[in-house]
Amino acid sequence: MIGGRALAAPLALALALPALSLAPPPSRAQAAATLQPIDEVQRDDIIVQTIGWNLAHANARFCARVAPGIGVMLQDARTFDDPALARQVYGLSGDIGVGALAADGPAHAAGLPLNATITAVGSLAVASLPVPRQGKWDRLFALQDALEKDVARDGRVVLALAQGKTMTIPGAPVCQVRFLMDDSKGNAGANRDVVRIGRPMAEVAKWDETEIAALMAHELAHAVLDHQTWLEQGGSTRKTEREADRLSVWLLHNAGYDPAAAMAWMRRIGPRYEILFIASPDHGSWRTRVRDMTAEIATMKAATANAAQADWPRLFRREEGAPAMPVPAAPAMDKPPMALQPQPR
């Protein structure tokens, strides 16, 4: 959701998000099918939010930074090339709306409508914020920050919708990382707080869920291992990339994805970018990376005896010279979530 956004050709209103390719859990494809994106931009945002939620929620018990989340990404019509057209296309009565929902997230389960107009997040009213210049993201990020801080603090968030409606949505524990579709970059990246997926990378994967999950798991590995801090302290970029490749298969396993998707993704993108960063000294050759991940899957299976959940903080072997593994936080929320509220009518 970064960069000035252009509206894609609208999808048929009856078009559901393409069925996600992974069978377990059964609710995943069923939940995604009820989300009806207006255009390809929104469809792609939903895919990224859904995969991000699956990875972050499934690995929450193992992450050092954990907070309740609800699986929502807001959007601001002012970030589009034509704000008035964006409001019309998405059916918004104001600038701020629900841009994407994670198919398995609490917000979707609570009945928060896609493209609902948002007038306030908790005590922060949209009208209290300066109207940004077209293409600027300050207001949107202020509201997204408020949403995430409220649910992290209280275990729930209150959203005010148009026509005076409100919804109280309980959170569920996730690794404390934000996932973004980046329209302005061609690659992917992460720091300790944000995983960013460049649209061209997802297009190379042909929007295959498992391969995008492999890409996102690699970037999530950078975040949960806090490679940002290690690099700031003079760590080796090559070693952080090796760790992210290797830990990605553990993260995929815990989220119910086939860890072999990591090798499939590398085999797809490696030859394409062999002369660029994929074969750089920082990343290594794609063939070496495939061998490393293949070996890591065997190590993981031997260490976990094919358990449903792989305890990577305890069992994953860090690279030589790496800092100690971040200590997992207690996954339980400080405050119990409220009962799901009915969908506004």
Side-chain angles (χ1 to χ4, degrees), residues 1-3 45 48-76 79 99-100 102 105-107 121-122 124 136-155 157 171-185 187-199 201-202 212-213 215-233 235 237 240-241 243-244 247-248 251 254-255 312-313 322-331 333-334:
M1 293 184 62
I2 307 298
D45 285 337
V48 167
Q49 292 306 311
T50 296
I51 295 172
W53 177 269
N54 293 338
L55 290 167
H57 182 55
N59 286 282
R61 62 178 292 197
F62 305 115
C63 287
R65 298 170 62 234
V66 178
I70 64 169
V72 166
M73 181 57 63
L74 303 176
Q75 71 176 1
D76 188 340
T79 63
V121 175
L124 181 60
K136 296 298 182 180
W137 297 75
D138 306 56
R139 178 173 62 176
L140 176 59
F141 285 151
L143 290 162
Q144 189 72 35
D145 287 346
L147 186 156
E148 292 171 8
K149 287 177 181 177
D150 277 12
V151 72
R153 182 189 66 234
D154 302 330
V157 65
V174 289
C175 303
Q176 199 168 3
V177 178
R178 181 183 295 177
F179 296 89
L180 296 174
M181 171 62 70
D182 193 337
D183 295 303
S184 66
K185 301 287 185 181
N187 60 359
N191 57 31
R192 68 176 66 91
D193 300 309
V194 176
V195 165
R196 174 183 54 77
I197 303 300
R199 188 177 302 278
M201 296 288 276
I212 296 174
L215 168 62
M216 293 176 65
H218 174 96
E219 300 304 336
L220 179 60
H222 282 307
V224 300
L225 291 174
D226 194 9
H227 282 158
Q228 178 182 348
T229 296
W230 188 15
L231 291 173
E232 289 169 351
Q233 295 172 348
T237 302
T240 64
E241 292 301 329
E243 282 198 337
L247 185 61
S248 70
L251 302 177
N254 284 348
W312 48 265
M325 177 69 74
V327 178
M333 294 178 287
D334 291 336

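Taking the salt bridge (Lys or Arg N to Asp or Glu O under 4.0 Å) definition, one finds that E243 meets it with R318, sequence neighbours left out. Judged as a salt bridge (Lys or Arg N to Asp or Glu O under 4.0 Å), and not counting sequence neighbours, the contacts of R139 are D76, D95. Under the side-chain contact (heavy atoms from CB on, under 4.5 Å) criterion, V121 pairs with L74, I118, L143, A146, L147, V157, L159, sequence neighbours left out. In terms of the side-chain contact (heavy atoms from CB on, under 4.5 Å) criterion, residue partners of A56 (sequence neighbours excluded) are, by chain and number, V174, C175, F179. Contacts of A217 classified as side-chain contact (heavy atoms from CB on, under 4.5 Å), with partners at least two apart in sequence or in another chain: L55, S248, L251, L252.
A202 and I212 make their closest contact through CB-CD1, 4.1 Å (heavy atoms, listed as atom of the first residue, atom of the second, distance). Smallest separation of non-hydrogen atoms from V66 and A329: CG2-CB, 4.1 Å. Summarising the geometry of P106 relative to G69, their closest heavy-atom pair is CG-O, 3.6 Å, with the distance given to 0.1 Å. The two residues I197 and A188 come nearest to each other via the heavy atoms CD1-CB, 4.1 Å. Heavy-atom minimum distance, G71 versus W53: N-CZ3, 3.6 Å. Counting all heavy atoms, side chain and backbone alike, A102 lies closest to Q49 at CB-O, 3.5 Å.
Interatomic distance, N187 CG to D182 CG, rounded to the nearest 0.5 Å: 8.0 Å. Note that CD of E148 and CE of M73 are 6.5 Å apart. Values are rounded to the nearest 0.5 Å.
In terms of modelled atom types and a separation under 3.5 Å, the side chain of H227 and the main chain of N191 share no donor-acceptor contact. In this structure, Q144 contributes its side chain and V72 its backbone to a donor-acceptor pair below 3.5 Å.
Within the structure, every pair that satisfies the side-chain hydrogen bond (donor to acceptor under 3.5 Å, both in side chains) test and touches residues 62-73, not counting sequence neighbours, is listed here: R65-D193.
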Determine, step by step, whether L124 and D150 satisfy the side-chain contact (heavy atoms from CB on, under 4.5 Å) criterion, reporting the C-alpha distance in whole Å, the side-chain angles of both residues, the deciding distance to 0.1 Å, and the verdict. CA-CA 10 Å; L124 181 60; D150 277 12; over 6 Å; no

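Ring orientation note: the planes of H218 and H222 are nearly perpendicular, at an angle over 60° on the 30°/60° scale.
Here the side chains of M201 and L215 are in contact, with some heavy-atom distance below 4.5 Å. The shortest side-chain heavy-atom distance between C63 and W312 falls under the 4.5 Å cut-off.
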